[in-house]
Amino acid sequence: MTVASSQPVQITLPDGSVKTFDGPTTGAQIAGSIGAGLAKAAVAVLVDGVPKDLSAPIAKDAAVSILTAKSPEALEILRHSCTHLMAQAVKRLRPNALLEDGPPTEEGFWYDIKTEPPLTPEDFDAIEKIMAEIVKEALPIERIVLSRDDARTLFSARGEKYKLDLIERIPEGDTISAYKQGEFVDLCRGPHVPTTGIFKAFKLMSVAGAYWKGDARNDQLTRVKGTAFFTEKELAGHLQMLEEAKKRDHRKLGRELELFMHHDWAPGETFWLNKGNLMYKQLSRMMSELCREEGYEEVFTPMLFKVDLFRMSGHWDHYRDNMFVVPGQDSRTLEAADIAQWAARLEAEAATAVPAEEWNTAKAELAKLTTASARLSFLLKLKQVGGKHWNLFEKAPGVFVTMESAANGTYALKPMNCPSHMLVFRDRRRSYRELPLRIHDQGVLHRNEASGTLGGLTRVRQFCQDDAHIFLAQEQIEQEITQLISLIKRVYTAFGMEFARVFLSTRPDDFLGEKETWDRAEKALENSIRANGMEFKINAGDGAFYGPKIDFIVRDCLNREWQTATIQLDYQLPARFGLKFVNRNNEDEQPVVVHRAIFGSFERFFGILIEHFGGNFPTWLAPVQARVLTISDKYEGYATEVFDTLRRHGVRAERDFSAEKIGSKIRDGRNMRIPYLLVVGEKEEASRSVAVRSQTEGELGAISLDDFLARIDKEKAIRF
RNA sequence: GCUGGUGUAGCUCAGUUGGCAGAGCAGCGCAUUCGUAAUGCGCAGGUCAUCGGUUCGAAUCCGAUCACCAGCUCCA
């Protein structure tokens with residue numbers, strides 16, 4: 001902090017004009033000097049592009065723009081301040097509440113709060129009422145700069161243990177600040193609006209659990225979400241938008257359009273009904289054809305493997321908790337006595353292998369379990385206690401051998417296609433002339449996801465990917481990936497979809513292999529993205545342990561982000577499977593493997609497609625392309641002729657010959673999002689035509705049947 | 001898996017203090033033969049998610065389980 005000097009300060013405003021002040025000034029003063037209206041409307045200020053409080057001293061020449069409700073940067077500041085407003089209200093309602101962190105988001109804001117009992121939506125009315133009172137009090141919001149010690153004293157006096165932890169995490173040398181409004185003080189970087197009187201439109205939306213510091217082993221806090229706008233009108237608009245988004249929800253449309261269903265007895269697995277199946281198969285066929293054109297081979301490999309495969313691939317060690325394990329015909333059923341014996345032996349081993357403190361906790365848990373099999377499975381899971389992966393099997397080789405032999409003949413459903421493709425590559429000796437060897441597979445995958453993560457089509461336990469593995473030589477990476485990204489772009493453009501983000505994930509701390517290899521690979525990926533002219537962000541250290549990756553993220557209608565396409569480089573799998581090819585010099589060389597998917601999973605992509613189109617699929621994808629509607633049953637004869645002609649012509653057609661009035665049939669057809677409704681009555685029969693109503697263009701009038709067939713033929717053509 | 005919420009007809013939802021299970025839409029039947037977003041009348045449809053408990057009596061109160069929803073952790 002510079003001490004105020006008497007040097008004049010020159011302020012450049014956005015219109016280029018310059019104002020001179022005798023000494024240090026503030027945003028509030030500058031706004032006041034321009035006009036009383038602006039001073040009143042001012043929310044915060046940008047100083048050389050950095051958002052600051054209106055009251056922040058400006059002691060040096062700077063470019064300044066005053067932020068009002070109309071400035072795009074202002075909304076984030078308002079919402080950030082609204083978290084404080086809400087937190088203050090919660091504190092008045094529940095004085096013992098402990099605050100953690102409360103940032104603004106794209107949609108609004110949230111605050112993680114610890115209360116006993118937890119806050120529920122039933123508390124919202126009370127909290128909002130208090131918020132309104134605080135608005136009425138129009139408390140000035142003041143910034144306080146604190147030393148680290150003062151900050152510690154201030155927040156420990158209030159028992160705010162989460163805030164104390166935040167203080168410790170502020171880097172040395174950074175300014176520590178807090179904001180005060182009335183009795184409420186919150187540790188915060190700011191900036192904030194000048195007074196609590198400014199809030200006009202806010203609403204609490206939902207509560208959800210959130211782990212402290214994002215770690216499942218820590219305290220669980222209540223995340224209270226809300227949103228805020230400058231005007232009631234904007235808030236109402238936002239709420240209406242959320243309503244609209246709900247109508248596009250693929251779970252709702254999937255049921256209404258009879259695309260798929262789910263059942264309690266198959267959680268996380270989809271029943272594809274006739275119409276959904278038509279679309280699914282079409283997407284799958286198109287993807288197969290595209291891959292064939294792009295030089296891929298397509299294979300179809302087993303679903304069920306002896307676990308030996310996954311031992312070799314590493315999945316058994318790293319992914320076992322997410323795999324469905326199946327006893328084979330020759331695996332021995334575990335006898336009750338064996339289970340009891342193993343449980344006892346494992347417990348004895350655990351007592352020495354597990355660190356004392358954790359073992360005490362575990363022992364208390366163990367004591368609550370009454371059956372031997374419950375104790376055994378608890379002990380087997382113990383390897384994850386404390387987030388460490390020490391494995392009890394390794395500490396107790398005797399038990400290990402017994403368990404393994406019992407597991408002989410045990411199978412597992414594949415969670416990924418890569419291991420089988422390694423076997424395909426290894427099936428015979430490979431030459432450099434075959435590379436890049438691209439193997440495509442739409443096999444069925446099973447992942448035993450935790451129950452709480454399942455939802456709709458976006459997260460399921462059984463699914464297919466448009467998966468492929470490309471085996472290539474190190475020097476082929478850049479060209480191949482460049483080509484691949486361009487292909488991915490092409491496919492998404494065909495659907496009119498754009499990526500919300502693209503991430504390049506780089507070397508993590510626990511990487512395997514040579515640093516130089518990683519550097520070269522990361523550089524190659526980066527060059528490939530740039531060659532395609534795409535924006536991307538680097539996710540430093542977020543790569544898989546076996547190689548760097550590129551993730552393509554799209555957004556659904558509820559603004560949630562989903563990873564769809566992915567490209568991953570892998571140096572480990574070829575090594576584990578001992579893959580090699582003969583190079584130009586007649587030497588063995590190890591190939592690099594690229595894992596890639598364009599849609600990602602068909603299921604997730606399908607869900608996103610439904611929401612993207614709001615159920616109004618393009619004609620080539622729509623499960624029903626046309627429906628023939630009769631004005632009355634007098635025209636059933638000609639209508640049947642039209643219907644038969646359509647079907648023979650390869651149009652996916654339906655008929656509605658019911659005794660309803662035409663308005664009602666139109667409504668039904670519209671609701672089912674059928675691209676073309678063909679009305680047939682006296683006039684059409686006489687002129688051998690159909691009265692066409694398009695889902696997107698409305699009424700088109702009578703068209704001869706031949707002309708309509710020509711029109712729909714064009715639209716049916718597959719376009720990737 | 002964790003936190004919170006929800007579960008009533010195929011769908012959307014009522015159901016008061018614990019006292020006979022309700023509506024609209026969809027379905028079926030009959031009538032209507034109609035020109036671009038809902039024709040009328042009638043009928044049928046329920047293990048109130050499941051299991052257990054409290055009670056003279058439970059959709060309603062309590063507990064457990066299952067599923068779903070909003071998130072978290074994870075992830076295509």
Side-chain angles (χ1 to χ4, degrees), chain A residues 110 112 114 117-123 205-225 246 249 251-252 255-256 258 261-268 319 321-322 381 384 387 415-417 445 447-461 463-467 551-554 558 560 562-566 568 595-605 607-608 629-636 658-671 677-684 691-694 698-702:
Chain A
W110 48 257
D112 283 349
K114 181 79 180 175
L119 292 167
T120 74
E122 282 166 26
D123 298 310
M205 305 294 290
S206 62
V207 292
Y211 297 109
W212 185 34
K213 294 198 238 178
D215 192 320
R217 285 165 300 165
N218 288 340
D219 293 357
Q220 186 137 27
L221 312 167
T222 308
R223 177 164 297 178
V224 186
K225 289 186 157 190
K246 258 193 204 161
D249 192 318
R251 292 165 293 198
K252 183 176 152 67
R255 187 189 298 112
E256 287 174 2
E258 297 173 336
M261 56 173 268
H262 290 102
H263 193 275
D264 278 6
W265 291 347
Y319 207 72
D321 289 343
N322 281 303
K381 281 186 191 152
Q384 285 160 341
M416 299 176 192
N417 288 307
L445 306 177
R447 296 185 188 174
N448 196 356
E449 302 286 353
S451 56
T453 63
L454 301 175
L457 294 178
T458 36
R459 193 76 182 269
V460 289
R461 289 200 175 124
F463 60 103
C464 296
Q465 291 180 316
D466 58 335
D467 199 7
D551 289 325
F552 299 84
I553 314 284
V554 297
L558 299 173
R560 287 177 296 205
W562 295 100
Q563 187 187 316
T564 53
T566 179
Q568 301 189 15
H595 307 249
R596 55 109 278 196
I598 299 178
F599 291 158
S601 88
F602 281 99
E603 277 73 3
R604 176 175 298 175
F605 186 73
I608 290 164
L629 317 179
T630 46
I631 292 291
S632 84
D633 57 15
K634 283 190 251 172
Y635 314 106
E636 269 185 33
S658 64
E660 287 298 325
K661 294 169 93 164
I662 196 65
S664 160
K665 298 192 201 185
I666 295 282
R667 188 183 134 88
D668 288 348
R670 298 273 307 161
N671 285 342
L677 300 176
L678 308 179
V679 177
V680 168
E682 190 179 357
K683 279 178 281 179
E684 290 73 23
V692 179
R693 183 178 185 121
S694 146
E699 230 178 314
L700 299 178

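Within 4.0 Å (heavy atoms only), E258(A) reaches no atom of the nucleic acid at all. When heavy atoms are screened at a 4.0 angstrom cut-off, G669(A) is found touching no nucleic acid atom at all. Residue-level contact check: F463(A) touches the bases, meaning some heavy atom is under 4.0 Å from a base atom. L677(A) comes within 4.0 angstrom of nothing in the nucleic acid, heavy atoms only. R447(A) comes within 4.0 angstrom of a base, heavy atoms only. Nucleic acid contact for E603(A): none, since no nucleic acid atom lies under 4.0 Å from a heavy atom of the residue. Residue R223(A) is in sugar-phosphate contact alone, with no base atom involved, counting any heavy-atom pair closer than 4.0 Å across all strands shown. Contact annotation for Q563(A): backbone-only contact, meaning every heavy-atom pair under 4.0 Å involves sugar-phosphate atoms and none involves a base. Residue Q465(A) is in sugar-phosphate contact alone, with no base atom involved, counting any heavy-atom pair closer than 4.0 Å across all strands shown. Using a 4.0 Å heavy-atom criterion, one finds that G701(A) contacts no nucleic acid atom at all. G663(A) comes within 4.0 angstrom of the backbone, heavy atoms only, and of no base. Residue T564(A) is classed as a sugar-phosphate contact, given heavy-atom separations below 4.0 Å to backbone atoms only.
Around atom CD of E256(A), more than 12 heavy atoms belonging to other residues, nucleotides or ligands sit under 6.0 Å away.
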